Student: 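Starting off with a structure, shown below.
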Amino acid sequence: MKGQVSFGLNVGVNQSWMQFRDPAGHSAESSKPLTRFNADFLMHVPLVEGLYLVPGVRYITKGTNLTTGGDGEYTRRLEVRYLEIPVNLTYKVPVSFGRLTIGAGPYTAYGLNGNNRMQVYNAGNIVSTTDYSVGFSSNVNKGIYPGTRLNRWDVGAQVAAGIEFTNLLTLGVQYSRGIRNLDLSGNSTIRNNSVGITLGIMLSREDY
């Protein structure tokens with residue numbers, strides 16, 4: 001059965017954050033990671049011995065937690081849900097308990113929808129909460145950054161490593177970095193970053 005295409009399903013947890021920079025290149029916001037779940041469907045296409053092309057379809061939420069003010073008087077939680085297409089070139093090394101994998105490649109992501117929650121604090125207590133839907137392209141997004149118009153499309157690169165156990169379970173880690181500026185207004189530079197861990201199962205394996 002060697003040489004056949006195999007498939008896998010993963011679920012995981014990712015932490016994401018957005019880098020905000022002003023036109024001069026200085027950091028424009030103080031941000032903390034946003035933790036959310038993601039899910040992948042992957043295809044493993046053998047190329048040569050040990051080397052695979054691994055495209056996939058991923059549902060993932062990216063965003064950030066932003067804080068303004070000396071004592072966190074004003075906070076925002078920005079979330080954007082993406083349908084992402086990663087394509088990795090992956091090398092697999094046989095070991096006694098399965099295979100070790102390492103890969104890298106580009107991704108393209110399409111923003112499905114999102115939301116921006118703004119909360120105002122006074123003396124540590126929430127005094128108001130406002131939710132906005134994320135708008136894309138021509139829509140100015142309130143409360144993210146002055147004049148922000150988010151690009152629906154994100155493009156970036158990722159690296160991944162993991163283990164494929166002989167019982168068909170998989171464990172992996174991955175890091176991705178956006179290279180496209182998500183702010184169409186030109187008032188700032190916004191880029192996605194994400195790191196995560198996944199647990200999955202191979203639906204079929206060409207070497208078993």
Side-chain angles (χ1 to χ4, degrees), residues 7-21 28-29 31-44 53-66 75-90 103-118 131-145 147-162 170-201:
F7 301 91
L9 287 174
N10 295 331
V11 293
V13 176
N14 67 285
Q15 282 199 324
S16 61
W17 62 100
M18 289 178 169
Q19 288 183 319
F20 286 74
R21 296 192 181 278
E29 297 281 351
S31 64
K32 295 181 180 180
L34 175 76
T35 303
R36 291 293 182 268
F37 293 98
N38 58 268
D40 321 341
F41 175 75
L42 301 175
M43 180 168 60
H44 300 251
L53 185 67
V54 185
V57 178
R58 174 178 298 141
Y59 176 81
I60 187 169
T61 300
K62 295 183 181 181
T64 198
N65 288 295
L66 300 168
T75 65
R76 286 160 290 165
R77 186 186 68 207
L78 175 60
E79 302 181 42
V80 182
R81 288 167 281 278
Y82 289 97
L83 188 64
E84 190 170 281
I85 308 295
V87 182
N88 281 355
L89 194 62
T90 299
Y107 75 82
T108 300
Y110 178 81
L112 299 171
N113 53 56
N115 58 277
N116 179 35
R117 168 164 288 192
M118 302 172 58
D131 289 300
Y132 299 103
S133 295
V134 167
F136 296 103
S137 301
S138 61
N139 297 316
V140 174
N141 283 262
K142 296 180 180 180
I144 297 177
Y145 195 77
T148 298
R149 293 188 293 114
L150 281 184
N151 196 328
R152 187 182 292 273
W153 290 95
D154 184 26
V155 177
Q158 63 173 11
V159 293
T170 64
L171 181 66
V173 293
Q174 58 195 26
Y175 168 74
S176 68
R177 180 179 176 84
I179 60 176
R180 187 171 203 174
N181 181 11
L182 299 180
D183 187 3
L184 296 172
S185 70
N187 294 329
S188 65
T189 300
I190 305 173
R191 290 191 173 94
N192 275 321
N193 295 270
S194 177
V195 61
I197 184 169
T198 60
L199 180 65
I201 185 168

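Remember, predicted model here, so these are calculated numbers, not experimental data.
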Student: Between Thr64 and Leu34, is there a side-chain heavy-atom distance shorter than 4.5 Å?
Tutor: no
Student: Work out which heavy atom in Phe136 is nearest to a heavy atom in Val80; give both atom names and the distance.
Tutor: CZ-CG1, 4.1 Å
Student: For the residue pair Leu150 and Val134, what are the closest heavy atoms and their distance?
Tutor: CD1-CG1, 3.6 Å
Student: Would you check if Val195 and Trp17 make a side-chain contact, meaning some heavy-atom pair closer than 4.5 Å?
Tutor: yes
Student: Should Asn38 and Lys62 be marked as a side chain to side chain contact (heavy atoms under 4.5 Å, CB included) after you check the CA-CA gap, both sets of side-chain angles, and the distance that decides it?
Tutor: CA-CA 10 Å; Asn38 58 268; Lys62 295 183 181 181; over 6 Å; no
Student: For residues Pro86 and Gln174, determine if any side-chain heavy atom of one lies less than 4.5 Å from a side-chain heavy atom of the other.
Tutor: no
Student: List the residues meeting side-chain contact (heavy atoms from CB on, under 4.5 Å) with Gln19, not counting sequence neighbours, and say none if there are none.
Tutor: Arg21, Arg177, Asn193
Student: On a heavy-atom basis, which atom in Ser16 and which in Gly63 lie closest, and how many Å separate them?
Tutor: OG-N, 2.9 Å
Student: Among Asp40, Thr198, Asn14, Asn10, exactly one meets side chain to side chain donor-acceptor pair (under 3.5 Å) together with Arg58. Which residue is that?
Tutor: Asp40
Student: Once you round to the nearest 0.5 Å, how far does CG of Leu199 lie from OG1 of Thr170?
Tutor: 6.5 Å
Student: Who pairs with Phe41 by ring pair (Phe, Tyr, Trp, His ring centres under 6.0 Å), at least two apart in sequence or on another chain?
Tutor: Phe7
Student: I'd like to know if the side chain of Arg149 and the backbone of Leu184 have a donor-acceptor N/O pair within less than 3.5 Å.
Tutor: yes
Student: Quick one: salt bridge (Lys or Arg N to Asp or Glu O under 4.0 Å) partners of Arg152, sequence neighbours excluded?
Tutor: none
Student: Can you give me the closest heavy-atom contact between Ala104 and Val159, atom names plus distance?
Tutor: CB-CG1, 3.9 Å
Student: When you compare the side chain of Met43 with that of Val57, does any pair of heavy atoms fall below 4.5 Å?
Tutor: no
Student: If the condition is side-chain contact (heavy atoms from CB on, under 4.5 Å), which residues does Asn181 pass it with, not counting sequence neighbours?
Tutor: Asp183, Thr189, Ile190
Student: To the closest 0.5 Å, what do you measure between CD1 (Ile201) and CG (Leu9)?
Tutor: 8.0 Å
Student: For Phe37, what residues pass the side-chain contact (heavy atoms from CB on, under 4.5 Å) criterion, not counting sequence neighbours?
Tutor: Val13
Student: Among residues at least two apart in sequence or on other chains, which ones pass side-chain contact (heavy atoms from CB on, under 4.5 Å) with Ile197?
Tutor: Leu171, Val173
Student: Shortest non-hydrogen contact from Ser194 to Ile60?
Tutor: OG-CD1, 4.1 Å
Student: Report yes if the side chains of Tyr82 and Tyr110 come closer than 4.5 Å at any heavy-atom pair, otherwise no.
Tutor: no
Student: What closest approach, in Å, do His44 and Gly8 show between heavy atoms, and which atom pair accounts for it?
Tutor: CD2-N, 4.5 Å
Student: Charged N to carboxylate O below 4.0 Å: is that the case for Asp154 and Arg180?
Tutor: no
